[in-house]
Amino acid sequence: MTEIEYLGHSAFAIREGGKEVLVDPFLSDNPKAPLSASDVRPDLILVTHAHHDHLGDALHLSKRFGCPVLSVSEINDHLDEMGARVLQGNIGGEIQLSFCRVKMFPAVHSSSFEDGRYGGEPCSFLIEMGGRTVFHAGDTALFSDLSLVADEADIDMALLPVGGTYTMGVKEAVKAMRLLRARIMVPMHYDTWKSIAVDRQVLESAVRGERFSLKVMAPGERLVI
Ligand code: NI
Ligand code: MN
């Protein structure tokens, strides 16, 4: 039974068989992080890009729990130097662990560390765990190659940014869903700050008549996929 928990912004925990995959662990400074965020026990941390609202607590959590982090080479190398455990990987590559399979895809965005250093290319993750497939799009604009992700797997759930301003907005996320052919859309990267506020009604009317279902998760909410 695969379970997903929304930790606010773009942070999610996916759990199955006592294992936990944590994506974009922006928890300490995240105004939307639920109380349960302090309960994470990651076995693997995935980071889509170096912006602080995604890299978040990755270093701290990796050191604390001794769990590996996977991202693009520039972020892997940076975290490795800082004393984290890292896996080697980059966009286009795939890693197979005992409890999950992760494939890295591109995202159309930018990526830099807080000090301004280049963070490599941003990415997205296709995650297979417990027979379910979740796609975490990272921060991205709409681009047609999202359809290549759909060629790779039947996606049960797509986690898509909808906040606009820094990423695609609601309208583009609906188009992305058509390219991804995923069963369920979960919006992310919105309402954390005023600059990415999204009206729930706008979301609901945008998906009316579409083939997929919309699941708006509240921070702290858990769902069995
Ligand atoms: Ni970003
Ligand atoms: Mn972001």
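The residues of the chain are indexed from 1 along the displayed sequence. In listed order, ligands and their atoms are each counted from 1.
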| said: Considering only residues two or more places apart or on different chains, which pairs with a residue in residues 167-179 satisfy side chain to side chain donor-acceptor pair (under 3.5 Å)? | reply: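 Counting only pairs at least two positions apart or across chains, the side chain to side chain donor-acceptor pair (under 3.5 Å) contacts touching residues 167-179 are R178-E210.
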| task | Evaluate the side-chain contact (heavy atoms from CB on, under 4.5 Å) criterion for residues M168 and L160: first the C-alpha distance (whole Å), next the side-chain angles of each, then the deciding distance (0.1 Å), finally the verdict. | result | CA-CA 9 Å; M168 61 186 174; L160 300 180; 4.1 Å; yes
| said: Parallel, tilted or perpendicular: which one describes the rings of H52 and W193, with boundaries at 30° and 60°? | reply: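 Tilted.
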| Residues in salt bridge (Lys or Arg N to Asp or Glu O under 4.0 Å) contact with R85, at least two apart in sequence or another chain |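 None.
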| Close to the Ni ion (ligand 1), meaning under 2.8 Å, how many protein N, O or S atoms are there? |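 Count of protein N, O, S atoms less than 2.8 Å from the Ni ion (ligand 1): 4.
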| said: Below 2.8 Å, which protein N, O or S atoms neighbour the Mn ion (ligand 2), ignoring water? | reply: D53 OD2, H54 NE2, D139 OD2, H189 NE2
| message | So for atom CG, which belongs to D154, do other residues, nucleotides or ligands contribute more than 12 heavy atoms lying within a distance under 6.0 Å? | response | no
| request: Mind listing the closest non-hydrogen atom pair of D156 and G131 along with its distance? | output: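 Minimum heavy-atom separation between D156 and G131: OD2-O, 4.3 Å.
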| message | Is a donor from one side chain sitting under 3.5 angstrom from an acceptor on the other, for N90 and S73? | response |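 On atom types as modelled, these side chains qualify, holding a pair under 3.5 Å.
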| query | Any side-chain donor-acceptor pair under 3.5 Å between H9 and N30? | reply | no
| query | Does the ring center of H189 lie less than 6.0 Å from the ring center of H54? | reply |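 Centroid distance H189-H54: below 6.0 Å, so yes.
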